[in-house]
Amino acid sequence: MLDRVFNPEGKSLPPMRGFKYSSWSPLGCDANGRCLLAALTMDNRLTIHANLNRLQWVQLVDLTEIYGERLYEASYKLSKADTPRGELGDFSEFQRRHSMQTPVRMEWSGICTTQQVKHNNECRDVGSVLLAVLFENGNIAVWQFQLPFLGKESITSCNTIESGINSPSVLSWWEYEHNNRKMSGLIVGSAFGPVKILPVNLKAVKGYFTLRQPVVLWQEMDQLPVHSIKCIPLYHPYQKCSCSLVVAARGAYVFWCLLLISKAGLNVHNSHVTGLHSLPIVSMTADKQNGTVYTCSSDGKVRQLIPIFTDVALKFEHQLIKLSEVFGSVRTHGIAVSPCGAYLAVITTEGMTNGLHPVNKNYQVQFVTLKTFEEAAAQLLESSVQNLFRQVDLTDLVRWKILKDKHIPQFLQEALDKKIESCGSTYFWRFKLFLLRILYQSMQKAPSEVMWRPSHEDAKILISDSPGMGSTEDDQEEGTSKQASKQSLCDTGKGMDIDDTADDSLPQSSDIGGREPMEEKLLEIQAQIEAVEMHLTREHMKRVLGEVYLHTWITENTSIPTRGVCDFLMSDDGYDDRTARVLIGHILKKMNKQTFPEHCSLCKEILPFTDRKQAVCSNGHIWLRCFLTYQSCQSLVYRRCLLHDSIARHPTPEDPEWIKRLLQGPCTFCDSPVF
């Protein structure tokens, strides 16, 4: 009766608050192309949340409730062949039902493609993602969701797998690619020690394969609980093929298993790495870019394990990272590596001082850089992702370096110019725009007042000048001292250098003379920014015109200002792009002298296309333009990119599929999603 999970209505104890576990989905799963969050609460409720609007999280579905309804409809039998069990009044039956719907862990798979049949018997590819949920009794529920995930209506199926593992503790997806064939399965670990891979059979998943039978990676019941499992895809330099490295934290040791598919079948090599920690491992994370594994124990020690391949299997080189040298005496509770391996996030509390534990615990998230600026810049230049938003941790290192040094390093500038000349990809133009914007920000003078701090000088002047309110000399002296102290606080709060302070104290004439070169430099950077933005705008305009040409067979008003975009591209005499001229010639021939101009919704006047950012009618009504389709946003609501670069309109039911597809794109300047 006192158990808050078994008897939540008893109210003998306050309700349990907080989360046991959380898991992030891959990018591209919600309506904005970002991640979904699966959260398991302390009272064993599994829900999925999405960040639909900026800084606003919404619960989309409660999987615990849906799974409970499915079990109730099946009379709590996993298969039709199961014999009926006892009633709920029997405590053993109560425990069985409780364990079969109490989640322990949940993990997302990678995005896969499924076939969907339309009403006219045509097949189209639809993205889907899987969520595996491990329960106390060892069963695994595999949920399949159609993307983008919107709620209960996006649930495609739910299948239950019996793992046969007693006291399961952890779960992870095993995803392996061999000869362009994707294989997948589920790795399950037990609190008693065993680790195995289970096959997952899915229908209508394009290019998907699984194992024929379960594969036992470790079978001994050595009472070393499996705490965490990571699966890392690697390339074997000796075997000249892809392989899969599975690492698991078991007590104070790291269990590893190398899986390799050859002509003889599936080869399994496994062993343990010992001598890492004197205390049990509390957290483990892996950098999937290079296969590096990081482990930590509660005494503030982090180990870095680097896999090195041998002729047969592999070995690990490990080195110690002492957080006490960086943060002082701390206790560690968890670690995580950023997506591209630039940062290591560590959750810490105060350690022992003079042999005594602290009275209060203050949890902090500390960040440790794992890459240098040069390594981050080289990785951005050679990236296969070609998306700045998905490499935010690397761009953050570059941003910090430019803000600190107030210039773009010469080697980076030259390498980027070579990439632009040889490749011409818009990704490198966006990278150049990012560097110029950060450089412009670093050259700007810091404001003299802190922007968020309210100013009270005006209120004091009004009180002293109001009739009937006298002021003594003491009051005036007190006000003067307050203003002086506030001014000194502002100066120290700005974090200015000694040289900057000395420059401000010079006479006005010399100050102006010193600022002229800086203003010229800012104007020069601003001109470069505008030139890069114009290049990216023209490239996206060509893409929009290409979509218009491909999806219009006759003279048709597509609601996109096609004629205005064509005239805008041709208006600059210095812009000579043969591809754009040929495309515009074909479009104008198809339009057959039709213009289809946009009209102001307030006065019905024509909206000329003279600016890529806004449209102004003859009566002065100003409408912002959508940066994805260049239509005027004539509504009170619109979307904006994450970094507030540009705005975009919402799709309407009247829009054809190709316009809706254009509106799903990221920002053309910074690759950020649009909200």
Engineer: What's the spacing between I529 CD1 and F434 CZ if we round to 0.5 Å?
Structural biologist: 12.0 Å
Engineer: Quick check: does any side chain N or O of S383 sit under 3.5 Å from a backbone N or O of L380, one acting as donor and the other as acceptor?
Structural biologist: no
Engineer: Specify the closest pair of heavy atoms between S109 and V129, including all atoms of both residues, with the distance to one decimal.
Structural biologist: O-CG2, 3.5 Å
Engineer: Less than 4.5 Å apart, any side-chain heavy atom of L412 and any of L381?
Structural biologist: yes
Engineer: Could you check if a side-chain atom of F675 sits within less than 4.5 angstrom of a side-chain atom of Q56, using non-hydrogen atoms only?
Structural biologist: no
Engineer: Do L403 and I438 make a side-chain contact, defined as non-hydrogen atoms from C-beta onward lying under 4.5 Å apart?
Structural biologist: yes
Engineer: Would you find a donor on one side and an acceptor on the other, under 3.5 Å apart, between the side chain of W173 and the backbone of E107?
Structural biologist: yes
Engineer: Just one of E414, H407, Q413 clears the side-chain hydrogen bond (donor to acceptor under 3.5 Å, both in side chains) bar with Q410, so which one?
Structural biologist: E414
Engineer: D30: which residues meet the side-chain hydrogen bond (donor to acceptor under 3.5 Å, both in side chains) condition with it, sequence neighbours left out?
Structural biologist: none
Engineer: Considering non-hydrogen atoms only, spot the tightest contact between S184 and E175 and give its length.
Structural biologist: OG-CG, 4.0 Å
Engineer: If we check side-chain hydrogen bond (donor to acceptor under 3.5 Å, both in side chains) with K542, which of these qualifies: D577, T579, T537?
Structural biologist: D577
Engineer: Would you sort out whether F596 and T562 count as a side-chain contact (heavy atoms from CB on, under 4.5 Å), showing the intermediate values?
Structural biologist: CA-CA 8 Å; F596 300 120; T562 308; over 6 Å; no
Engineer: Quick one: closest heavy-atom pair of I48 and L36, and the distance?
Structural biologist: CG2-CB, 4.3 Å
Engineer: Working to the nearest 0.5 Å, report the span between OG1 of T395 and CG of D393.
Structural biologist: 7.0 Å
Engineer: Is there a donor-acceptor pair closer than 3.5 Å between any side-chain N or O of Q634 and the backbone N or O of S601?
Structural biologist: yes
Engineer: What pair of heavy atoms forms the shortest contact from Y630 to R625, and how long is it?
Structural biologist: O-NH1, 2.9 Å
Engineer: One pair to check against side-chain hydrogen bond (donor to acceptor under 3.5 Å, both in side chains): H551 and W658. What are the steps and the verdict?
Structural biologist: CA-CA 8 Å; H551 294 93; W658 61 275; 4.8 Å; no
Engineer: Measuring from N619:CG to K604:NZ, what's the distance to the nearest 0.5 Å?
Structural biologist: 12.5 Å
Engineer: Drop me the distance from M541's CE to L545's CG, to the nearest 0.5 angstrom.
Structural biologist: 8.0 Å
Engineer: Verify, without hydrogens or angle tests, whether D287 (side chain) and Q289 (backbone) share a donor-acceptor contact under 3.5 angstrom.
Structural biologist: yes
Engineer: Shortest non-hydrogen contact from R612 to M534?
Structural biologist: NE-CE, 4.0 Å
Engineer: Test C670 against every option in L433, L643, L642 by the side-chain contact (heavy atoms from CB on, under 4.5 Å) rule and name the one that passes.
Structural biologist: L643
Engineer: When you check the gap from the basic side-chain N to the acidic O, do K418 and E421 get nearer than 4.0 Å?
Structural biologist: no
Engineer: Please identify which of these residues, Y575, F428, W429, meets the ring pair (Phe, Tyr, Trp, His ring centres under 6.0 Å) condition with H535.
Structural biologist: W429
Engineer: Within the 4.5 Å heavy-atom criterion, are M570 and R581 side-chain neighbours or not?
Structural biologist: yes
Engineer: Do R563 and L588 come close enough that some side-chain heavy atom pair is under 4.5 Å?
Structural biologist: yes
Engineer: With the side chain counted from C-beta on, respond yes when F149 and S154 share a heavy-atom pair under 4.5 Å apart, and no when they do not.
Structural biologist: yes
Engineer: Just do the side-chain contact (heavy atoms from CB on, under 4.5 Å) check on Y343 and L397 with the steps written out, would you?
Structural biologist: CA-CA 9 Å; Y343 288 100; L397 280 177; 3.5 Å; yes
Engineer: Distance-only, no hydrogens or angles: does the D567 side chain make a donor-acceptor pair with backbone N or O of G564 under 3.5 Å?
Structural biologist: no
Engineer: For F627 together with H540, are the ring centres under 6.0 Å from each other?
Structural biologist: no
Engineer: Compile the donor-acceptor pairs under 3.5 Å between side chains in residues 365-374 and protein atoms, sequence neighbours left out, one pair per line.
Structural biologist:
residue : atom : partner : partner atom : Å
Q366    : NE2  : Q364    : OE1          : 3.0
K371    : NZ   : Q379    : OE1          : 3.3
T372    : OG1  : E375    : N            : 3.3

Engineer: Between the side chain of N32 and the main-chain N/O of L52, is any donor-acceptor distance below 3.5 Å?
Structural biologist: yes
Engineer: Is any side-chain heavy atom of S635 less than 4.5 Å from a side-chain heavy atom of H650?
Structural biologist: no
Engineer: Please step through side-chain contact (heavy atoms from CB on, under 4.5 Å) for the pair R437 and F669, ending with a clear verdict.
Structural biologist: CA-CA 11 Å; R437 285 176 170 177; F669 295 144; 4.2 Å; yes
Engineer: Keeping to residues at least two apart or across chains, list the side chain to side chain donor-acceptor pair (under 3.5 Å) pairs with something in residues 659-675.
Structural biologist: R430-D671
Engineer: Nearest 0.5 Å, what's the CG-CG distance between D611 and L624?
Structural biologist: 10.0 Å
Engineer: Provide the closest heavy-atom pair for W623 versus C633 in the form atom of the first, atom of the second, distance.
Structural biologist: CE3-O, 3.5 Å
Engineer: Should H599 and I606 be marked as a side-chain contact (heavy atoms from CB on, under 4.5 Å) after you check the CA-CA gap, both sets of side-chain angles, and the distance that decides it?
Structural biologist: CA-CA 4 Å; H599 294 274; I606 292 177; 3.6 Å; yes
Engineer: Which distance, rounded to the nearest 0.5 Å, do you find between the OG of S25 and the CZ of R34?
Structural biologist: 11.0 Å
Engineer: Using only atom types and a distance under 3.5 Å, with no angle test, would you say the side chain of N387 pairs donor to acceptor with the backbone of F389?
Structural biologist: yes
Engineer: Please tell me if the side chains of E547 and I560 come closer than 4.5 Å, counting only heavy atoms from C-beta onward.
Structural biologist: no
Engineer: Is a donor on one side and an acceptor on the other found under 3.5 Å between the side chain of Q631 and the backbone of S559?
Structural biologist: yes
Engineer: After noting the C-alpha distance and the side-chain angles of E539 and T426, does the key distance pass the side-chain hydrogen bond (donor to acceptor under 3.5 Å, both in side chains) rule?
Structural biologist: CA-CA 8 Å; E539 291 298 314; T426 54; over 6 Å; no
